[in-house]
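Proteins get letters first, then strands, A, B, ... in listed order; numbering begins at 1 in each.
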Amino acid sequence: MPEGHTIHRAARLQRELIVGGAVRVESPQGRFSEAALDLDGAVLRGIEAYGKHLVYDFGDDRYVHVHLGLFGRFRMGRGEPPEARGAERVRFASECGWVSLGGPTACDLISDDERRRLLARLGPDPLRGDARPAPMIERIARSSAPIGTLLMDQSVVAGIGNVYRAELLFRARVHPATPGRSLEGDTVRGLWRDARTLLREGERSGRIVTTRPADRPHPRGGVRRGEQYYVYHRTACPCRLCETPIAAALQAARTVYWCPSCQRAGR
DNA sequence: GTGGGATGGGCAA
DNA sequence: TGCCCCTCCCACA
């Protein structure tokens, strides 16, 4: 379930398990074997998350770049790793614990140059403490593209995916088709701040929840299935605030959801 | 049991 | 814009 919060959470949990000592590196599936052979036994110096990208630093100009894509998934734990599974692209194991990766879009050994080029392609990441929103605000202010497309563009802002896109726009009462340059600067700054809030909560809990307790049927209990979103995947369901059926359309080749009444169409 | 869709993105055209 | 990558899960039979 990979939006930026998943990646930052993975980086944090994996640091405790495998950073700081020699790491056994294997590729049970075979598709990362050559690199695994090179890295096996090296000391893992750090793990960094940038948007939806994860970078493992093995020293000597060797980094492993991982992007989960739509299908990728981590498993991890303390102690000895379990029996190898069929579709396991790479497995890291230290004295403390293990990390296993399946189904990623990218899992490559890269140099520092390649790492820098990768990061240069990314906009600011709301989950990174050192990130400043100015480049995102400028890109949006200059663009005639719809804000729903811009929020999904990783070179504008890094880490937002299809769920956060729809939910951020609902919370801001902004229609996804609104051209970037017709938004007020305050609205865009508000989107950045809300992205930071929601992504941080997602990073902590490992789950995306965007509804405020007051807008849920059971405000005091835990967040039940089907109550965590305002609009995402709720086509034709009544809006939680005004009962208008939620609308859906393709935007940037992905389905975007919105409330036609709460989110007024921009020009 | 099975098949389609999914929280992504690079690439060709 | 559409195709491909290539895995899991759930709705449906």
message: What's A:R31 touching, base or sugar-phosphate or nothing? Going by heavy atoms closer than 4.0 Å.
response: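 Answer is sugar-phosphate: A:R31 comes under 4.0 Å of backbone atoms only.
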Paired and unpaired positions of DNA chain B as dot-bracket, Watson-Crick or G-U wobble under 3.5 Å, | denoting a partner strand: ||||||.|||||.
field: Nearest-neighbour nucleotide for the A:E3 side chain, B:dT7, C:dC6, B:dG9 considered
entry: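 Comparing B:dT7, C:dC6, B:dG9 against the side chain of A:E3, the answer is B:dT7.
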query: Given atom CG of A:L250 and atom P of C:dC3, what is their separation to the nearest angstrom?
result: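 These atoms are roughly 13 Å apart.
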message: Whole angstroms only, please: what is the CG-P distance between A:L70 and B:dG4?
response: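 About 17 Å, once rounded to whole Å.
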message: What's A:R121 touching, base or sugar-phosphate or nothing? Going by heavy atoms closer than 4.0 Å.
response: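 Result for A:R121 = sugar-phosphate.
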Hey, can you pull the donor-acceptor pairs under 3.5 Å for the side chains in residues 131-151 of chain A, sequence neighbours left out?
| unit_1 | atom_1 | unit_2 | atom_2 | d |
| --- | --- | --- | --- | --- |
| A:R139 | NH1 | A:S155 | O | 3.4 |
| A:R139 | NH1 | A:S155 | OG | 3.3 |
| A:R139 | NH2 | A:S155 | OG | 3.4 |
| A:S143 | OG | A:A145 | N | 3.0 |

field: A:Q154, nearest nucleotide to its side chain (from B:dA6, B:dG9, C:dT7)
entry: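 Out of B:dA6, B:dG9, C:dT7, the nucleotide with an atom closest to A:Q154's side chain is B:dG9.
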query: What are the two closest heavy atoms between A:L17 and A:G77, and how far apart are they?
result: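 That would be CD2-O, 3.6 Å.
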query: What nucleotide, of B:dG9, B:dT7, B:dA6, holds the atom closest to the side chain of A:I208?
result: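 Nearest listed nucleotide: B:dT7.
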task: Just say parallel, tilted or perpendicular for the rings of A:H65 and A:H67, cut-offs at 30° and 60°.
output: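 Ring orientation, 0 to 90° scale: perpendicular.
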- prompt: Do side-chain atoms of A:Q154 reach the backbone of A:G159 as a donor and acceptor pair under 3.5 angstrom?
  reply: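 Side chain of A:Q154 to backbone of A:G159, a donor-acceptor pair under 3.5 Å: yes, one is there.
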query: Are any of A:H67's side-chain N or O atoms less than 4.0 Å away from OP1 or OP2 of B:dG9?
result: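 Yes, such a contact exists.
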- prompt: For atom P, what is the distance between C:dC8 and B:dG10, given to the nearest Å?
  reply: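 Each nucleotide's P atom is 23 Å from the other's.
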query: Got a donor-acceptor pair under 3.5 Å from the side chain of A:T105 to the base of B:dG8?
result: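 Indeed there is one.
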- prompt: Rounded to the Å, how far apart are A:Y232 OH and B:dA6 C1'?
  reply: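 Between C1' of B:dA6 and OH of A:Y232: 6 Å.
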message: Using the P atom as the point on both nucleotides, what is the distance between C:dC6 and B:dT2, in whole Å?
response: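 Those two atoms are separated by 23 Å.
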- prompt: Quick one: does NZ or CZ of A:R234 land under 6.0 Å from the six-membered ring centre of A:Y232, within 45 degrees of the ring axis?
  reply: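 Not flagged: A:R234 not positioned over aromatic ring of A:Y232.
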query: What integer distance in Å separates A:L68:CG from B:dG8:P?
result: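 Atom CG in A:L68 sits about 11 Å away from atom P in B:dG8.
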message: Expressed as a whole number of angstroms, how long is the span from A:R75:CZ to C:dC8:C1'?
response: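 A:R75 atom CZ is separated from C:dC8 atom C1' by 9 Å.
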query: Just wondering, more than 12 heavy atoms not from A:E95 lying within 6.0 Å of its CD?
result: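 Counting neighbours around CD of A:E95, 12 or fewer heavy atoms of other residues, nucleotides or ligands fall under 6.0 Å, so no.
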query: If we take the P atom in both C:dC3 and B:dG4, what is their distance in whole Å?
result: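 Taking atom P in both C:dC3 and B:dG4, they lie 15 Å apart.
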Residues which pass salt bridge (charged side-chain N to carboxylate O under 4.0 Å, His left out) with A:R220, listed by chain and number, not counting sequence neighbours: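 A:R220 satisfies salt bridge (charged side-chain N to carboxylate O under 4.0 Å, His left out) with no residue once adjacent residues are dropped.
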task: Can you tell me the distance, in whole Å, between the CD1 atom of A:I160 and the P atom of B:dG9?
output: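 Nearest whole value for this atom pair: 11 Å.
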- prompt: To the nearest Å, how far apart are A:R73 CZ and C:dC8 C1'?
  reply: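 Roughly 7 Å, once rounded to whole Å.
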- request: Please report, rounded to the nearest Å, how far the C1' atom of B:dG10 is from the CG atom of A:D108.
  value: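 A:D108 atom CG is separated from B:dG10 atom C1' by 12 Å.
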task: For residues A:F74 and A:F92, establish whether the separation of their ring centroids is below 6.0 Å.
output: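 No - the distance between ring centres of A:F74 and A:F92 does not fall below the 6.0 Å cut-off.
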